[in-house]
2 protein chains.
Amino acid sequence: MPSIQQNLEASNKDYVSSKFPGPLPLPPSEGYAVVTCMDARIDPAAQFGIPLGGAHVVRNAGGSVKEAFRSLVISQQILNTKEVLVIKHTDCGMLQFQKSDAITAVKQNAGEEGVREVEDIEFLTFPDLEEEVKKDVEWLKGKLVEKGIVVSGWVYDVQTGTVKRITA
Amino acid sequence: MPSIQQNLEASNKDYVSSKFPGPLPLPPSEGYAVVTCMDARIDPAAQFGIPLGGAHVVRNAGGSVKEAFRSLVISQQILNTKEVLVIKHTDCGMLQFQKSDAITAVKQNAGEEGVREVEDIEFLTFPDLEEEVKKDVEWLKGKLVEKGIVVSGWVYDVQTGTVKRITA
């Protein structure tokens, strides 16, 4: 068994024996959702103060609210959350990579047929961090289904651990 | 300022002053990615033993690998991660809700025009938890771009805190 899977099993065993607080209800107790990046340096519970059971956390490359939209509709319309925090971060890969970088790598790793599996993907890279936070917040606020939902935008600085408000 | 935002700022201040370990590099130190659900009862770092900076974490409603595919391509092809853990969980909303529940709620909250914003969304609900883990793992393994990537499937039990292996 690969060591990553061994680590999962061993760490989880420790969690169950010493840290699991017991069952919690499905709906988020704090009534909100966070959309953030998949980046390995982000730990939403610790960095953003989310108690276990408190909030939905949606994560993808770049913290795209467009890709998160299905999840947010479910969070808000079915589970009645009333607020979204959109938190992107400094040194994000989506500021540094282009779709062409992925295509080049895929061509090398999986050939032309592999390229066909990914060539239609919109990679959602962006050139300016704070502008992208504002754009995502505006895009979400523009949806009729967001009526009554509070949406705010933030940047997490991976060099200092600090969150900064971008939009009200 | 809403109290959720106050909590973010206050909790983050505490994190910076007492827990932030200092800057880490962008590529995941442990070389893997986790795909799991947005469910509020999931805390991947604590429950799955992920050190800060160790792994990409992709989360969406249900932990769908199809929706996570863009992020996984970036994780693997650009940032050279070599393994994926697909971890769904018991008592998942996607086992209990249907698209029709969302449409009914949207109609009530945002009218017929609101329904038009969500009616084309594939909600990715599923009837059987372990079968869905297997399906997602098989779907991902079937991609040419996954050549050389180890993919395994797991279920996290929200009643006990325990992860269980579903696929090798």
Side-chain angles (χ1 to χ4, degrees), chain A residues 2 4-5 7-8 11-12 15-16 19-20 23-24 26 28 30 32 38 40-41 43 45-49 52-61 70-71 73-74 77-78 83 85 91 93 97 101-102 105-106 109-110 113-114 117-118 121 123 143-145 147 150 152 158-159 161-163, chain B residues 2 4-5 7-8 11-12 15-16 19-20 23-24 26 28 30 32 38 40-41 43 45-49 52-61 70-71 73-74 77-78 83 85 91 93 97 101-102 105-106 109-110 113-114 117-118 121 123 143-145 147 150 152 158-159 161-163:
Chain A
I4 289 165
Q5 296 175 35
N7 171 65
L8 169 61
S11 302
N12 177 257
Y15 176 79
V16 171
K19 300 186 197 89
F20 182 63
L24 295 167
L26 194 166
E30 308 301 313
Y32 68 102
M38 71 174 179
R41 296 164 293 183
D43 178 352
Q47 293 159 358
F48 310 147
L52 192 69
H56 287 137
V57 180
V58 185
R59 300 179 63 176
N60 60 51
R70 176 186 68 93
S71 298
V73 169
I74 292 164
Q77 302 292 332
I78 298 184
E83 184 159 348
L85 308 174
D91 196 38
F97 314 133
D101 298 312
V106 169
N109 296 336
E113 274 195 81
E117 287 180 343
V118 303
I121 296 175
F123 273 75
K143 294 288 181 187
L144 291 168
V145 293
K147 198 172 63 177
V150 177
S152 59
V158 296
Q159 299 301 309
T162 310
V163 288
Chain B
I4 289 165
Q5 296 177 34
N7 171 64
L8 170 61
S11 301
N12 178 257
Y15 176 78
V16 171
K19 301 186 197 91
F20 182 63
L24 295 167
L26 195 164
E30 309 301 314
Y32 69 102
M38 70 173 179
R41 296 164 293 183
D43 179 352
Q47 293 159 357
F48 310 147
L52 192 68
H56 287 137
V57 180
V58 185
R59 300 179 63 176
N60 60 51
R70 176 187 67 94
S71 298
V73 169
I74 292 165
Q77 301 292 330
I78 298 184
E83 184 159 348
L85 308 174
D91 197 37
F97 314 132
D101 298 311
V106 169
N109 296 335
E113 274 195 80
E117 286 180 345
V118 302
I121 295 174
F123 274 75
K143 295 286 178 187
L144 291 169
V145 294
K147 198 172 62 178
V150 177
S152 58
V158 296
Q159 299 301 311
T162 310
V163 288

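At a 4.5 Å heavy-atom cutoff, K19(A) makes no contact with chain B through either its backbone or its side chain. For chain A, the nearby part of A45(B) is the side chain; its heavy atoms alone come within less than 4.5 Å. Looking at E30(A), the atoms closer than 4.5 Å to chain B (heavy atoms on both sides) all sit in the backbone: N, CA, C or O. Proximity to chain A (any heavy atom under 4.5 Å) is shown, for L24(B), by both the backbone and the side chain. F97(A) touches chain B through its side chain: at least one heavy atom from C-beta onward sits under 4.5 Å away, while N, CA, C and O do not. The parts of F48(B) that come within reach of chain A are both its backbone and its side chain, each placing non-hydrogen atoms under 4.5 angstrom from that chain.
For chain B, the option among E117(A), Q77(A), K147(A) with the highest count of heavy-atom pairs below 4.5 Å is E117(A). Chosen from G49(B), A61(B), S11(B), the residue pairing most often with chain A at heavy-atom distances under 4.5 Å is A61(B). Contact count versus chain B (heavy atoms, under 4.5 Å) is highest, among A105(A), A110(A), A40(A), for A40(A). Between chain B and the residues R70(A), K143(A), Q159(A), H56(A), the most heavy-atom pairs under 4.5 angstrom are made by R70(A). The candidate from I121(A), V106(A), L26(A) with the greatest count of non-hydrogen atom pairs under 4.5 Å with chain B is L26(A). The choice from V158(B), V58(B), V118(B), D43(B) that makes the most heavy-atom pairs within less than 4.5 Å of chain A is V58(B). For the set L8(B), N60(B), D91(B), the count of heavy-atom pairs under 4.5 angstrom toward chain A peaks at L8(B). Heavy-atom pairs under 4.5 Å with chain B were tallied for P23(A), G54(A), P28(A), G93(A); the largest tally goes to P23(A).
Side-chain atoms of Y15(A) and V163(B), non-hydrogen and from C-beta on, never get closer than 4.5 Å to each other. Counting only heavy atoms from C-beta outward, the side chains of V16(A) and Q47(B) never approach each other to under 4.5 Å. The shortest side-chain heavy-atom distance between Q5(A) and L85(B) falls under the 4.5 Å cut-off. Inter-residue side-chain proximity for I78(A) and F123(B) is flagged as unmet; no heavy-atom pair is nearer than 4.5 Å. For the pair T162(B) and F20(A), the minimum side-chain heavy-atom distance is 4.5 Å or more.
Atom CG of L144(B) sits about 5.5 Å away from atom CD of E113(A), to the nearest 0.5 Å.
For the residue pair R41(B) and L52(A), the shortest heavy atom distance occurs at O-CD1, 3.4 Å.
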